[in-house]
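All values reported here derive from a predicted model rather than from experimental measurement. Chain letters run A, B, ... following the sequence lines, proteins first and then strands; every chain starts at 1.
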Amino acid sequence: MSDPREDEGQPGNFVADRVREDLESGTKGGRVVTRFPPEPNGYLHIGHAKSICLNFGLAALSPEGRCHLRFDDTNPEVESPEYVEAIRRDIQWLGFDWGEHEYYASDYFDQLYAWAEQLVKKGLAYVDSRPLEAIRETRGDFHRPGENSPFRDRSVEENLELLRKMKAGELEEGSAVLRAKIDMQSKDLKLRDPLMYRIKKVTHHRTGDTWSIYPMYDWAHGQSDAIEGVTYSVCSLEFVNHRPLYNWFLKALEIEQPPEQIEFGRLNLSYTVLSKRKLLQLVEEKHVAGWDDPRMPTIAGMRRRGFTPEAIRAFADRIGVSKNDGVVDVGHLEYAIREDLNETSFRKMGVLKPLELEITNWPEGKVYEAELDNIPKNDEAGTRKVPFSGRVFVEQEDFMEDAPKKWWRLAPGKEVRLRGAALVTVNEVVKNDAGEVVKLQCTWDPESEGGNAADGRKVKGTVHWVSADHAVDAEVRLYDRLFAEDDPSDLLESLNPDSLEVLTGCKLEPGIADLPPESRIQLERTGYFVTDARDHVPGEKVVLNRTIPLKDSWAKLAKKMGVRK
RNA sequence: UCCGGUGUCGUCCAAUGGCAGGACAGCGGACUUUGAAUCCGCGAAUCAUGGUUCGAAUCCAUGCGCCGGAGCCA
């Protein structure tokens with residue numbers, strides 16, 4: 001807490017340091033204006049969340065600071081209003097508010113065009129009337145300088161006339177482009193007369209058929225920043241190479257108080273792909289059920305999986321911001337969600353793979369109301385009552401006929417606690433013809449109501465249960481990592497065949513039936529779950545998605561001891 | 001190979017010429033009516049070589065590794 005930066009939700013990172021310095025020195029007139037600039041051609045993912053947290057966090061460094069939401073919609077071929085809506089929804093859900101500052105690069109098409117004519121008039125831009133291949137060939141490469149276009153020295157009048165024809169739709173697609181006149185010999189390939197406009201006779205989702213030419217990213221982005229008065233244009237590392245061009249345009253246009261581009265390392269996550277192209281492929285080829293499939297690293301998918309905005313923000317804060325191009329271990333994300341859910345989710349009991357357990361000496365018809373904490377060590381969260389009777393379901397996994405050392409759960413002759421209810425001992429194991437265990441016959445210690453022995457003897461093992469007469473049936477979807485490889489470079493090869501297991505006939509404690517969709521709970525000893533946003537219908541159909549299992553140190557131990565399951 | 005960026009515990013991030021620190025992961029223990037959580041403890045790093053300096057992760061030089069760049073994508 002001695003470090004004030006911790007209180008600002010922007011723990012030490014080099015961008016925030018810069019903003020603080022500028023604030024102190026008054027370099028930018030005390031202004032902090034950032035922007036989050038998605039192209040509406042896909043859903044936002046956890047990598048975008050990092051950027052969103054950074055940009056909004058930076059703006060929060062100053063009381064007057066603000067962060068704009070700007071849709072970078074300069075390529076109508078791939079963009080759509082569906083994505084605009086999804087992006088707005090996701091950012092809001094994450095907990096950020098851009099107020100009235102919602103903008104679109106397409107709002108600036110007129111201004112951009114006027115500026116383009118201005119550059120033509122200054123002799124800083126020209127129309128190149130050659131096909132794509134010719135332009136590409138004369139650009140040169142890493143070792144070879146480019147060659148000037150034969151059209152490079154057209155007169156201002158001719159350039160203007162051609163540019164106007166491009167705009168009016170009088171020229172064919174691909175027949176001409178507007179290029180900035182910089183330096184075909186530059187070592188920096190981005191400066192070899194970059195394209196500003198291309199002809200695209202495509203309907204734009206906002207401007208309709210008004211335009212036949214659309215600006216390229218480099219021509220649109222910095223200028224949009226300038227129009228909005230952005231002070232810090234924060235982007236990811238792959239744009240470092242664009243910065244000289246970014247600044248060239250601003251200078252050519254004589255923009256006062258030009259925005260400043262600052263690059264940081266975008267998020268890479270192990271066992272995850274964070275490329276819009278690949279995510280789109282997963283959706284289109286139906287390897288997942290959609291953009292909001294709970295296995296997707298999209299905001300929408302994570303939301304449906306049961307993640308909280310708080311956990312995602314804590315994750316973003318904790319991984320920090322730098323110019324290193326690293327890969328964050330998903331373990332960091334998993335820790336963040338467990339940390340939040342542990343403190344906030346109400347506890348319930350549920351048996352995923354039921355095994356019947358009958359207490360032979362339980363008084364006929366007796367129902368005991370077990371009182372359990374909603375959240376242990378949190379008095380404000382209160383308690384709940386859970387009905388317990390002589391016939392309950394326990395987890396198949398919690399019983400072993402030949403128990404290894406250090407097995408504290410159900411086994412023949414072993415006394416175990418049914419959480420909050422009773423101490424029981426297995427006397428008889430009932431099997432079917434196939435030799436499978438179908439039922440456990442137990443006796444209970446009538447002096448152990450609530451789960452404590454009257455004589456104070458310690459019982460190490462505690463197991464969860466659901467009363468057979470009161471249980472609610474449910475479908476439970478167990479999600480695991482979408483990819484089996486930490487680096488899923490070859491996308492399809494790396495897919496985890498077991499990323500989804502759908503369980504039916506699960507038995508849950510009664511209260512769960514009435515939970516509204518998107519309710520997050522912990523199933524004790526099992527994991528964190530959320531009622532599905534689409535398929536869970538209160539009072540009718542219970543559908544749970546597993547967000548993440550609880551840590552399981554027994555599994556670790558068992559593995560070490562070589563216990564087979 | 002040219003231009004640019006970047007090299008610190010297994011991973012991510014700090015240390016802004018002055019004791020290399022935190023988080024996650026791992027390991028050990030305590031506690032436990034969740035084998036969860038919590039608590040305590042342990043191990044673990046400055047790419048290499050040379051130089052400047054009383055003192056270098058930090059400055060300089062050389063080398064090496066990794067990433068990005070030759071879309072009418074963003």
Closest to the 5' end of RNA chain B, once A/Asp329 and A/Arg139 are matched to their nearest nucleotides, is A/Asp329
If you assign each of A/Leu418 and A/Tyr335 to its closest nucleotide in RNA chain B, which residue comes earlier from the 5' end?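 Its nearest nucleotide being more 5', the pick is A/Tyr335.
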Looking at [N], which nucleotide sits across from it as a Watson-Crick or G-U wobble partner, both distances under 3.5 angstrom, or is there none?
N	result
B/A61	B/U49
B/U34	none
B/C42	B/G26
B/G4	B/C67
B/G18	B/C54

If I pick the [atom1] atom on [M] and the same atom on [N], what distance separates them, to the nearest angstrom?
N	M	atom1	result
B/A30	B/A36	P	13 Å
B/G7	B/U46	C1'	10 Å
B/A45	B/G22	C1'	14 Å
B/C47	B/C13	P	14 Å
B/U62	B/G68	P	26 Å
B/G65	B/C31	C1'	47 Å
B/U58	B/U6	P	15 Å
B/C64	B/A48	P	15 Å

Name the closest nucleotide to the [X] side chain, picking from [options].
X	options	value
A/Asn324	B/G35, B/C73, B/U6	B/U6
A/Lys323	B/U33, B/G69, B/G5	B/G5
A/Asp325	B/C67, B/A25, B/A74	B/C67
A/Glu524	B/U33, B/A14, B/U34	B/U34
A/Glu39	B/C72, B/G4, B/C73	B/C73
A/Lys190	B/A36, B/U16, B/G69	B/G69
A/Asn241	B/A36, B/U16, B/G69	B/G69
A/Phe142	B/A74, B/A14, B/G69	B/G69
A/Leu237	B/U34, B/G5, B/G69	B/G5
A/Lys377	B/A37, B/G35, B/U16	B/A37

Side-chain heavy atoms of A/Ile375 within contact of A/Phe346, under 4.5 Å: yes
What is the minimum heavy-atom distance between A/Pro38 and A/Leu44, and which atoms define it? CB-CD1, 4.2 Å
Using the glycosidic torsion, which applies to B/G71: syn (within 90° of 0) or anti (everything else)?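 What B/G71 shows is a syn base, its glycosidic angle lying within 90° of 0.
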base_contact_polar ([N] base, [X] side chain, donor-acceptor, <3.5 Å):
X	N	answer
A/Arg525	B/G35	no
A/Asp552	B/G35	no
A/His464	B/A36	no

Looking at [Y], is [X] sitting on its ring face, NZ or CZ under 6.0 Å from the six-membered ring centre and within 45 degrees of the normal?
X	Y	answer
A/Lys167	A/Tyr113	yes
A/Arg154	A/Tyr126	no
A/Arg409	A/Phe399	no

What is the nucleic acid contact for [X], judged by heavy atoms within less than 4.0 Å: base, sugar-phosphate only, or nothing?
X	value
A/Arg136	sugar-phosphate
A/Met216	sugar-phosphate
A/Leu372	nothing
A/Lys560	sugar-phosphate
A/Val327	sugar-phosphate
A/Ser186	nothing

Before you tell me yes or no, could you show the steps for A/Phe109 and A/Trp211 under ring-ring contact (aromatic ring centres under 6.0 Å, His included), namely the whole-Å CA-CA distance, both residues' side-chain angles and the distance that decides it to 0.1 Å? CA-CA 9 Å; A/Phe109 282 176; A/Trp211 293 88; 5.8 Å; yes
Quick check: are there more than 12 heavy atoms from other residues, nucleotides or ligands sitting under 6.0 Å from NZ of A/Lys201? yes
